[in-house]
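Numbering starts at 1 and runs along the sequence shown.
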Amino acid sequence: MIIDRVGAADNTSVWAEDTTLRRRQDSEGNAPTPSSDFDASQWEVITPLDMSTVGAPNLAESYVPFVCENLTRISDIQGTGGESPLKGEAVAVQGVVTAVVDLPKKGFYLRDEVADGNPLTSDGIFVESGSADSQLVGRTVCLGSDVAESYGQTQLSAENWEITNSDFTATVATDIEILDSDGGSFETTLARYEGMVVNLPEDLNPQQEGNQDMRVSRSFSFNYDSFRNNMTLAYMRPNMQPNQLNVAGTPESIAAAAQNNDYRLVIESATQASNDNIPYYPNFSVAPENNYIRIDDSVVGMEGVISYSYGDYTLTVTNELTSNNFVHNLPRTDSPDIDETVADDEFAIRIASQNLFNYFNSPFGGDQNQFGQSRGADTYNEFIQQKTKLVEAIRALDADVVGLMEIENNGYGLKSAIADLVNEVNVYYNDEYADNFDKPYSTENRYVFVGFDHNGNQMLDELDALGSDAIATGIIYRPSKLSIERTRVVTMPQQKAPTIVNDNNEVIKDNNDEILESGQNYHRDALVVTFMVNQTGKRLTLAVNHFKSKGSTCWEDWQGVEFGDATKWTDDAPDLDYQGSCSEFRISGAVHLAEELKSVEGDSIILGDLNAYAKEDPLLVLTENPRNKALMTASHTFVGTKPQFNSDGSPVAITQSYGYIDIISKVFEEKGKTPWSYSYNDEVGSLDHILISPSLEDRVIDASDWHINAAESSLYDYNNEYKGDYDNEYNKFYAEDHFRSSDHDPALVTLSYLPGEADSSTPIYLTKLNKLIKVPYQIPEAAGAMAGDIAKIKLTPKDDEAKLDMSQLVEPNVVLTQDGETLVNFEVFGAPSARFTAKVTLERDGTVVDGSTVSLDIEVASRDALVADIKEETHDGSGGSTGLISLLSLLGLSALRRRNRK
């Protein structure tokens with residue numbers, strides 16, 4: 001039996017949040033009789049929460065029936081300031097109901113019957129109520145209420161009202177328009193419309209050139225702040241993470257964060273949205289492949305009511321939308337928008353990074369990793385979906401070398417994650433015809449991967465884990481374009497600091513009953529590979545990295561926090577400069593990596609997920625620090641067993657930068673654009689970087705990120721959870737394409753090379769295909785090449801004592817077909833793998849042309865393919881770079897093992 005009830009029985013919303021309810025006396029001044037039906041008139045509503053009278057026998061004054069007279073205009077209640085001039089006063093209002101909503105609060109919106117024409121005052125107001133339903137929309141009602149301010153929102157509350165006109169009265173949405181009087185504050189603009197039905201037009205500021213519209217800053221997804229599905233827009237552009245364009249901690253960064261807060265508009269549905277459905281956009285879930293919403297979409301023609309809650313303005317949508325309301329400023333593309341145009345005779349090398357979104361194959365027949373973890377797909381169906389998307393993304397990248405992050409660290413055997421992935425990618429490349437070498441399906445595009453013989457047993461197998469985490473970095477490359485000269489692993493620093501304790505020396509735990517901060521932290525080890533660019537004598541070193549994340553803390557993040565005697569701590573660590581956790585530890589990693597790369601010969605590139613935005617401290621270390629910002633490393637860091645800096649574990653100040661160039665940021669700045677590769681909450685920025693040595697800058701053709709992941713809703717990824725199917729078997733948003741193949745966008749750079757160019761004392765590296773090599777001859781300008789000239793070549797072994805089989809050698813003559821030719825490629829057949837001097841000349845009428853003779857230092861070698869070579873390298877004992885080096889091709893594993901067992 002129900003004796004008494006507080007709140008309507010059918011109201012399932014979070015009702016009366018942050019509100020005190022005080023029971024009223026009855027009409028005779030006595031305590032009312034309990035009732036199983038809720039009567040709102042029996043309760044005084046006090047908002048926000050007032051605990052001062054809770055538990056005391058102090059009934060509120062009895063309810064006085066409302067009389068619709070002495071009306072107050074809504075615009076007078078709202079006033080022109082941030083707070084109502086009538087706060088706390090009892091008013092009677094009459095107006096038209098414009099919307100009934102459950103979110104952000106349950107209630108309805110009311111507008112003046114006739115607007116006052118003053119753009120500085122709102123003609124609408126929110127009425128908190130658990131009794132209204134959709135039948136009330138369009139009706140004219142009269143009600144009485146005290147004027148309240150609830151977390152910055154002016155509102156009324158009522159459970160009873162008088163319908164003074166039951167006919168439907170339409171409400172025309174008002175275009176939001178920026179005024180000079182707003183003082184550049186978008187919050188001030190929105191405040192003028194609080195409680196009103198508004199429309200998002202193509203241009204919110206007609207006084208400014210171009211269309212100033214609203215952009216998607218977070219696509220439809222679960223919002224952990226409000227704990228429900230919704231979307232976030234921002235004025236004019238997606239919110240950029242403050243440290244993407246501004247040095248962390250500077251006034252400019254703080255101002256950028258404030259502007260993000262000012263420009264934010266949270267988009268709610270009138271009723272709570274399920275995981276797979278947007279109530280105001282029904283086609284989103286009916287045909288998701290055609291009705292997607294991406295970050296940076298312009299939203300035009302969306303109508304709704306404006307409210308304010310917990311520091312943000314919200315718009316609860318009241319009209320039904322179609323794809324026409326979402327203008328794709330960054331539309332989906334099937335390939336990256338990156339230039340590879342080179343000068344005559346040159347060729348391009350495309351380099352990319354790709355996050356694999358925790359690609360684990362061990363639960364589905366792959367080799368087990370040594371860490372007992374699986375962070376990827378939960379079911380075989382999800383695994384196939386994940387693999388399909390990643391394969392599509394890698395193929396579409398069409399890069400000559402790809403740095404990989406977040407791949408299972410289960411070695412390099414036949415059943416390893418990296419072998420499994422590369423094998424699937426290569427199925428696409430099946431055209432073996434030589435004349436189709438430049439076609440998309442050519443076998444010339446096949447990849448091999450780099451393996452590391454961690455345990456030194458001269459075998460590449462499941463025991464060769466890279467570093468100490470369940471995920472690792474990796475590299476795949478095309479032997480048709482590049483050949484490995486050297487591979488090494490840079491052991492990155494670990495933090496071995498004291499566990500965080502309280503004043504009583506007790507270990508503190510978090511709200512999950514886990515240790516708040518153990519002091520033990522790590523980076524993923526870096527994979528560093530030096531390539532020879534085929535057809536040149538140029539080295540190119542890639543260092544693929546995955547620095548410590550921002551999400552979990554390090555020892556430094558808790559310094560200065562007063563724990564007292566607390567043994568449980570639920571607050572986040574302070575983050576005053578928006579760098580997230582472990583910034584000092586990432587500085588330690590950046591310093592160590594850059595120091596290790598100092599010994600690298602030739603050009604070098606640092607790429608991967610550095611877990612730092614473009615102007616954060618680790619990037620200042622690796623690139624430049626123009627403001628001479630004080631930078632400190634983490635304390636208690638070790639490389640192997642040796643202290644990284646001081647023997648007592650104390651941190652050091654970093655006073656130098658290493659001069660790498662953030663090439664995507666530089667190229668985008670020249671184009672008037674801003675790069676970003678990751679979305680967190682409603683801010684975007686670049687965590688994935690390509691940093692080049694200054695020696696490479698003149699080679700850069702183009703650099704870009706490719707928005708196939710970060711711009712997309714997580715609904716489109718491979719996971720089946722939270723997609724509307726409670727059995728987690730069916731995902732209607734999944735498609736066999738590259739979109740949302742990861743949560744990070746790929747990053748790319750293209751470089752130009754000239755056949756035959758070489759570093760000093762470095763031979764031109766020529767690889768054989770079917771016993772053929774192409775020897776590049778750059779004809780000297782002084783020779784004045786003419787049509788009919790005959791180019792000739794003669795190969796002489798460098799080692800006179802080497803007994804080379806030259807019996808099949810064919811050294812062709814090439815007849816020039818036009819005046820002024822600058823490059824001849826001699827297709828030499830049958831040259832054995834060795835180092836040669838190639839003498840090349842031009843003959844005209846049987847005589848060598850003056851100035852045409854060139855001697856080339858060349859090295860002829862087989863391509864990196866099928867059978868891998870393991871090369872021992874010296875180890876300096878420093879705890880830095882380690883290991884035995886191995887080159888691993890896709891099909892070479894079994895051959896490698898057979899060879900090593902002989």
Side-chain angles (χ1 to χ4, degrees), residues 341-349 433-438 444 480-481 483 532-539 699 752-863:
T341 305
V342 294
D344 290 345
D345 302 333
E346 295 182 356
F347 63 94
I349 294 291
Y433 288 101
D435 58 348
N436 289 336
F437 72 94
D438 58 349
E444 290 289 274
S480 61
K481 297 291 187 70
S483 300
M532 294 299 300
V533 180
N534 294 348
Q535 299 300 116
T536 77
K538 303 295 294 185
R539 292 182 177 87
R699 293 190 182 277
S752 63
Y753 287 89
L754 183 66
E757 65 174 322
D759 292 327
S760 177
S761 303
T762 303
I764 303 169
Y765 200 80
L766 306 177
T767 58
K768 294 182 285 187
L769 178 63
N770 298 326
K771 296 188 178 181
L772 277 173
I773 59 171
K774 292 183 178 180
V775 182
Y777 169 35
Q778 295 290 339
I779 302 173
E781 186 178 356
M786 298 176 62
D789 289 349
I790 300 174
K792 294 188 174 184
I793 183 170
K794 180 64 179 177
L795 268 58
T796 304
K798 285 276 190 179
D799 185 355
D800 294 335
E801 297 182 2
K803 297 180 179 179
L804 301 177
D805 181 5
M806 307 280 283
S807 61
Q808 289 189 305
L809 182 65
V810 176
E811 300 164 314
N813 297 331
V814 178
V815 179
L816 275 58
T817 59
Q818 59 186 20
D819 295 345
E821 282 193 47
T822 57
L823 175 66
V824 171
N825 277 308
F826 293 98
E827 287 197 333
V828 175
F829 180 83
S833 296
R835 195 163 173 178
F836 296 87
T837 297
K839 181 179 179 181
V840 289
T841 60
L842 277 186
E843 288 189 3
R844 187 178 301 148
D845 300 328
T847 304
V848 174
V849 177
D850 290 341
S852 68
T853 301
V854 176
S855 290
L856 304 175
D857 184 4
I858 66 172
E859 182 170 349
V860 178
S862 298
R863 282 188 181 180

Are [X] and [Y] close enough that some pair of their side-chain heavy atoms sits under 4.5 Å apart?
X	Y	answer
Leu816	Ile779	yes
Leu823	Pro776	yes
Thr767	Ser862	no
Pro832	Met806	yes
Ile793	Val775	yes
Met532	Lys538	no
Leu769	Glu444	yes
Ile790	Val815	yes

Do you know the tightest heavy-atom contact between [X] and [Y]?
X	Y	answer
Phe347	Thr536	CZ-CG2, 3.8 Å
Ser852	Pro780	O-CD, 4.1 Å
Ala831	Lys768	O-CD, 3.4 Å
Gly537	Thr762	O-CG2, 3.3 Å
Pro763	Ser761	CD-O, 4.0 Å
Ala783	Leu842	CB-CD1, 4.3 Å

| field | Cationic N near anionic O, under 4.0 Å, Asp799 to Arg835 | value | no
| request: Could you verify whether a donor N or O on one side chain and an acceptor N or O on the other, from Lys839 and Thr796, lie under 3.5 Å apart? | output: no
| Under 3.5 Å: donor-acceptor pair, side chain of Asn770, backbone of Leu772 | no
| task | For the pair Glu821 (side chain) and Ala787 (backbone), establish whether a donor and an acceptor sit closer than 3.5 Å, ignoring hydrogens and angles. | result | no
Interatomic spacing from [atom1] in [X] to [atom2] in [Y] - rounded to 0.5 Å:
X	Y	atom1	atom2	result
Leu766	Ile858	CG	CD1	5.0 Å
Leu856	Ile764	CG	CD1	4.5 Å
Lys771	Glu827	NZ	CD	15.5 Å
Phe826	Leu795	CZ	CG	10.0 Å
Glu346	Thr341	CD	OG1	11.5 Å
Gln778	Thr822	CD	OG1	6.0 Å

| Which pairs with one or both residues in residues 779-797 pass salt bridge (Lys or Arg N to Asp or Glu O under 4.0 Å), sequence neighbours excluded? | Asp789-Arg844, Lys792-Glu843, Lys794-Glu811
| request: Tell me, please, which residues at least two apart from Glu757 pass salt bridge (Lys or Arg N to Asp or Glu O under 4.0 Å). | output: Arg699
| field | Residues in salt bridge (Lys or Arg N to Asp or Glu O under 4.0 Å) contact with Asp819, at least two apart in sequence or another chain | value | none
| said: Quick check with a 6.0 Å cut-off and a 45 degree axis cone: is Lys774 positioned over the face of Phe437's six-membered ring? | reply: yes
| task | Verify side-chain contact (heavy atoms from CB on, under 4.5 Å) between Asp857 and Lys798, making sure each step is shown before the conclusion. | result | CA-CA 9 Å; Asp857 184 4; Lys798 285 276 190 179; 3.3 Å; yes
